[in-house]
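Notes for the one structure printed next.
Positions are given from 1, in the same order as the sequence printed here.
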Amino acid sequence: MERNILIVDDEPYILSAFQRLLKPHYNSIFTAQTTQEAEKILKVQKIDLVICDQRLPQEDGLHFLTRAKEKWPETLRVLLTGYPDAGLATKALNEASIFRFITKPWDETQVLSLIKKSFEKKDLGFQNQTLLKLTQKQQERLSKLNHELQERTQKVKNSQELIKKNKLRLSKINIFMTHLNESKTLEDIIETIKKDTKNFIPFDGFTLLTHNEKLQKILASFKTKNPRIYSQSKSVIKALFEKPEKVKSILFFPLTTHIGGKKNCSAILSLGRHKPPYFTKKDIETLEEVSGPLAMAINKILLFDIVHRGSKQWEETFDAIEDPITIIDQNFNIIKANKAAEKISGLSIKDLLSKKCYELLAKSSQPCKNCSVPDSLQTKKATTAHDLTEFKGKEMRTWSYPVLNEKNKIEFIVQYYKDLSQEKAIYQKLVQSEKLSAVGLLTSSVAHEINNPVTGILSLTQILKKELNPNDTHYADIVEIERAAERCKEITENLLNFSKELGEWHQSGYQKKLININNVLETTLSLVWFSSEKKSINIEKKFSQSLPLIKAKFGELQQVFFNIFNNAYQAIDKEGTIEITTQKNGPFIEVSIRDTGCGIEPQNIDRIFEPFFTTKKQGKGTGLGLSVSYDIIQKYAGQILVHSKVNSGTTFIVRIK
């Protein structure tokens, strides 16, 4: 079968590499350097597969594939990218429904296999659509038959005739209704069913299955004089009767009410008989006469229970809020308060009531400056945030929410407080996070741009190696070019991995993993080496090979050692040594990093971990590196020790559990 393939990439050598790879296997290969050219081809040619680069000069490749999905849904879509990540994969699958990724540089065998599987998927999809249409027709026929069956069932139910009630049965039912109306608890209702229902429907045992507001089923069985409560995990039949094998007939009857035009089931009444006569339609009709009042009585008791539980739940929710909340009247008197307000005032909730909020919470003799309550009293509307700078030595923010009665007058005011004392620290961390994110984005962009020419080089060298004889004079040169390109690929992969780890570090979903500390050091060291100035620096690695794995975030530890390595490189002027040692020291894994650089002045040793403190020249450092490293190691209950001597060097010792 003839297959048409369209390649979209702005790099001519990429298009050339694809043509040389696919031409022996597929006759119709179309190429385009822009999405506009690609659309022209799609309009006149039936294209089975589109392979599009992610980054194009005029339009994002993913956006083009999304548009192609809408216009030519039967055409398969493959995204060509320098480095796919989880975010790109999710977006590509959701928006463009791509079949696969091809990662630059690609492996020829994998590319051919992917294209083959793409066409196999398309053929399978066509077969599935045919089968689905056949199944839908059969389903429609079954639905029609089922609808006819439901109509017949409804006619049977509607054809039932009511049997006239006799005076004796009416009297017995009236007694049942009277006792039911006098019931105050669910136990009273069960006792009424036990004694009075037998007068008009004989049975040997019964159960009442009901539920509370949490939809947890409760089974009440009266096999003895006292009620028994069974959990939902028990067998219903075994719970109904002591000897279920003796039960010959069981009647399950739903007790329903009509509220707001809707039918609601309050409980299920189950009756059992050991011997004939068995239950009949007449028994069902008799139960229909009493089921409504019985359901209403059960609903009434359950509603009382719901109200009680709801009140308790509201109290617990109110107290569970970590920020102080008070309910006050128009004179600032506290009507109610949660436990957070109790904590900030140092008084019990009982002692807070009827006292002025500003006296107990702010320790002031008059309303707080910039209080939000006066605004709410004047406008009868909720206020925006008001900052209270003199609130018991803290920076607090408050909101007021007036509650109006039916006469549009303020009944009371809900006052919400938020402690802002820690916002400055959070802001500093946010600034740091944004800087690290910018570094990651820049690294990712640079690596992608490098991958494009590297992809072309690798592809062409692989083709030339196949075409040249190993004895050819140029064959060794081609091999050397391939090795150099592979080295470039390795460097960009390290940069991308560092960027990815750095980004995932700031995402809440990123989890700790078991990692080898030596691997972290090796990866980080290569990044610092290639990012540093050219110096004659000797790296001595003394790694212990028997270190246990530790549970940590790779990106966090990489950030710690990146900062320390970077400082060590910058401390060495022209030539020197950096010695890295790993070993097990008691409960810790210990990493020692010693340099022969300029050292640290004694008066600065105690300040090097302070945020924004730096002794470097302007533009050479932000003063955040060691501060960030210290915070990370503290999270792991670890230690960072520093020993330094001016003009002799510095040693950092990092200990991690």
Sidechain-backbone polar pair: [X] side chain, [Y] backbone, donor-acceptor under 3.5 Å:
X      : Y      : answer
Asp48  : Asn4   : yes
Asn518 : Ser544 : yes
Lys40  : Leu42  : no
Ser16  : Pro12  : no

Side-chain contact test, heavy atoms from C-beta onward, threshold under 4.5 Å: evaluate it for [X] versus [Y] and give yes or no.
X      : Y      : answer
Ile5   : Phe18  : no
Glu601 : Val646 : yes
Asp53  : Val8   : no
Lys43  : Trp72  : yes
Leu80  : Ile14  : yes
Leu112 : His25  : yes

Trace of the salt bridge (charged side-chain N to carboxylate O under 4.0 Å, His left out) decision for Glu74 with Lys46: CA-CA 10 Å; Glu74 295 182 359; Lys46 184 181 181 301; 5.3 Å; no
Minimum-distance pair of heavy atoms, taken over all atoms of Leu15 and Gln33: CD1-CG, 3.6 Å
Ion pair Glu11/Lys104, N-O distance below 4.0 Å: no
Greater than 12 external heavy atoms within 6.0 Å of Lys117's NZ: no
Any side-chain donor near an acceptor of the partner, Thr34 and Gln58, under 3.5 Å: no
Residue pair Thr461 / Glu482, side-chain donor-acceptor N/O under 3.5 Å: no
